[in-house]
Colleague: 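I am attaching a structure below and will ask some questions about it afterwards.
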Protein chains: 2
Amino acid sequence: MTKEKTEKSKDFTELLRENGLKVTSPRLRVLNEITHKKAAISQPDLEKIVGRDIDRVTLYRILSSFEEKGIVHKIFDLNGTATYAMCTSNCTENHHHDQHVHFICSVCNSVYCLDEVSLPKITLPRHFALHSLAINAVGLCANCQKEN
Amino acid sequence: MTKEKTEKSKDFTELLRENGLKVTSPRLRVLNEITHKKAAISQPDLEKIVGRDIDRVTLYRILSSFEEKGIVHKIFDLNGTATYAMCTSNCTENHHHDQHVHFICSVCNSVYCLDEVSLPKITLPRHFALHSLAINAVGLCANCQKEN
DNA sequence: TTAAGTGCAAAATCTTTGCAAATGT
DNA sequence: ACATTTGCAAAGATTTTGCACTTAA
């Protein structure tokens, strides 16, 4: 338990260092909260959790630096609110590869990253060059399924 | 020319009536602006165009009533700003069918509705029920292609 | 020691709400 | 005439900016 926690913190420390960011307690705290959630988390929700410890402005800055460095990626939920999830693999500064399907629950509005779902091929009209695909599947998530 | 305009206005009049909305000049104006653009348009951009004639609050209300009635649908661009485009076919109150691929240009940030691109099939994990798919293809649009 | 990061205050935006006046049916 | 819609003012919410203090390297 303690060991696991230590290891995780060590990973985060490493992650921050790799990206040229200083290891500070607000940043570690934010990384912990984001990874502890199965679904992507929004700035407002994060703020509810860490709001007593971390200033709102700091939170904004932490999230945008994380996004810029490719540590987290941003997905917009059905209300257009930005939510954040850890980048799984090889995201680097200014180049994200969050090439997986996102699932957005229309009941609880949670955003899930579905890494295991394969991306479809899309054929675009002439003169449109494809860089990346953002696929949001909207429906009922496993949790909300149960309760109905 | 004049005839075409008249016919279009007549269509819009009809459209508003069908949806139980009064035919007012701000509403007709907004419908005109939205249809005159090939790409989806954001509230801020619309405001730049009609801002002298239509109050900002009115614009918000017009857009949300249009969306609610299924006259326009809302797509979020890369910055999470809502953009609006006419619903092509059979959208009705509280039930949108904007089941087409959207293309977002990473240079000019324009949002295009690609009705002709067919939707792929997505297989979700167990206990996730799919209602709809939102597919955003990000890349370079035809216009920005030319200029590079 | 010193460059980066944080917190606070304040500004700038964005969005919503309430209400009186105007408008469409 | 009546219910909707609009415009204005004001409140509320969200996001950004500036600057002095703190902290990690």
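Fair warning: this is a prediction, and the values are worked out from it, not measured in the lab. Protein chains get the first letters and strands the later ones, always in sequence-line order, with residue 1 at the start of each. All values below come from the heavy atoms of this structure, side chains included, with hydrogens, waters and symmetry mates left out.
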Colleague: Heavy atoms within less than 4.0 Å of DNA chain C: which residues of residues 42-56 of chain B have one? Give them sorted by number.
Modeller: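 Result for residues 42-56 of chain B: B/R56, sorted by number.
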
Colleague: Would you find a donor on one side and an acceptor on the other, under 3.5 Å apart, between the side chain of A/T81 and the backbone of A/D77?
Modeller: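 Flag not set: sc A/T81 to bb A/D77 has no pair under 3.5 Å.
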
Colleague: Between A/Y60 and A/D55, is any pair of side-chain heavy atoms under 4.5 Å apart?
Modeller: no

Colleague: Would you compute the distance between atom CD1 of B/I104 and atom NE2 of A/H131 and round it to the nearest 0.5 angstrom?
Modeller: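 Here the interatomic distance stands at 13.5 Å.
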
Colleague: If we fit an axis to the first five pairs and another to the last five of the helix from C/dT1-D/dA25 to C/dT25-D/dA1, what angle do they make, to the nearest 10°?
Modeller: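 Roughly 40°, once rounded to the nearest ten degrees.
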
Colleague: Can you tell me the distance, in whole Å, between the CG atom of A/N79 and the P atom of C/dT16?
Modeller: 11 Å

Colleague: If you find the nucleotide of DNA chain C closest to A/L59 and the one closest to B/Y60, which residue's nucleotide is nearer the 5' end?
Modeller: A/L59

Colleague: For A/A137, enumerate each residue passing the side chain to side chain contact (heavy atoms under 4.5 Å, CB included) test, keeping only those at least two apart in sequence or located in another chain.
Modeller: A/V101, A/F103, B/L124, B/L130, B/L133

Colleague: Suppose we screen for side-chain hydrogen bond (donor to acceptor under 3.5 Å, both in side chains). Which residues come up paired with A/N136, at least two apart in sequence or across chains?
Modeller: none

Colleague: Name the pairs: protein N/O against N/O of nucleotides 21-25 of chain C, kept only if under 3.5 Å.
Modeller:
residue : atom : partner : partner atom : Å
C/dG24  : N2   : B/K22   : NZ           : 3.4
C/dG24  : N3   : B/K22   : NZ           : 3.4
C/dT25  : OP1  : B/V23   : N            : 3.2

Colleague: Base, sugar-phosphate or nothing for A/R61? Non-hydrogen atoms, less than 4.0 Å.
Modeller: base

Colleague: Please identify each residue that fulfils side chain to side chain contact (heavy atoms under 4.5 Å, CB included) with A/K22, with sequence neighbours left out.
Modeller: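 Testing A/K22 for side chain to side chain contact (heavy atoms under 4.5 Å, CB included), a comparison that skips the adjacent residues, returns A/T24, A/R27.
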
Colleague: For DNA chain D, note the earliest and the latest nucleotide, 5' to 3', having some atom under 4.0 Å of a heavy atom belonging to chain B.
Modeller: D/dA3 to D/dA9

Colleague: Run the side-chain hydrogen bond (donor to acceptor under 3.5 Å, both in side chains) test against B/R61 and tell me which residues pass, sequence neighbours left out.
Modeller: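 side-chain hydrogen bond (donor to acceptor under 3.5 Å, both in side chains) check on B/R61 returns nothing, list empty.
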
Colleague: Between A/F76 and B/L78, is there shared hydrophobic-cluster membership here, with clusters defined by ILVMFWY side-chain heavy atoms closer than 4.5 Å?
Modeller: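 No.
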
Colleague: Not counting sequence neighbours, which residues clear side-chain hydrogen bond (donor to acceptor under 3.5 Å, both in side chains) with A/K38? List them please.
Modeller: none

Colleague: Keeping A/T83 on the side-chain end and A/I75 on the backbone end, is there a donor-acceptor pair under 3.5 Å?
Modeller: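 The answer is yes, because a donor-acceptor pair under 3.5 Å joins these two groups.
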
Colleague: Which residues pass the side chain to side chain contact (heavy atoms under 4.5 Å, CB included) test with B/D45, sequence neighbours left out?
Modeller: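 Partners of B/D45 by the side chain to side chain contact (heavy atoms under 4.5 Å, CB included) criterion, ordered by chain and then number, come out as B/I41, B/S42, B/K48.
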
Colleague: Could you list the residues that satisfy side chain to side chain contact (heavy atoms under 4.5 Å, CB included) with A/P125, not counting sequence neighbours?
Modeller: A/F128, B/L114, B/E116, B/V117

Colleague: Round to a whole Å and report the spacing from CG of A/N19 to C1' of C/dG5.
Modeller: 16 Å

Colleague: Checking B/D53 now: which residues fulfil side-chain hydrogen bond (donor to acceptor under 3.5 Å, both in side chains) with it, not counting sequence neighbours?
Modeller: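 Here the qualifying residues are B/R29.
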
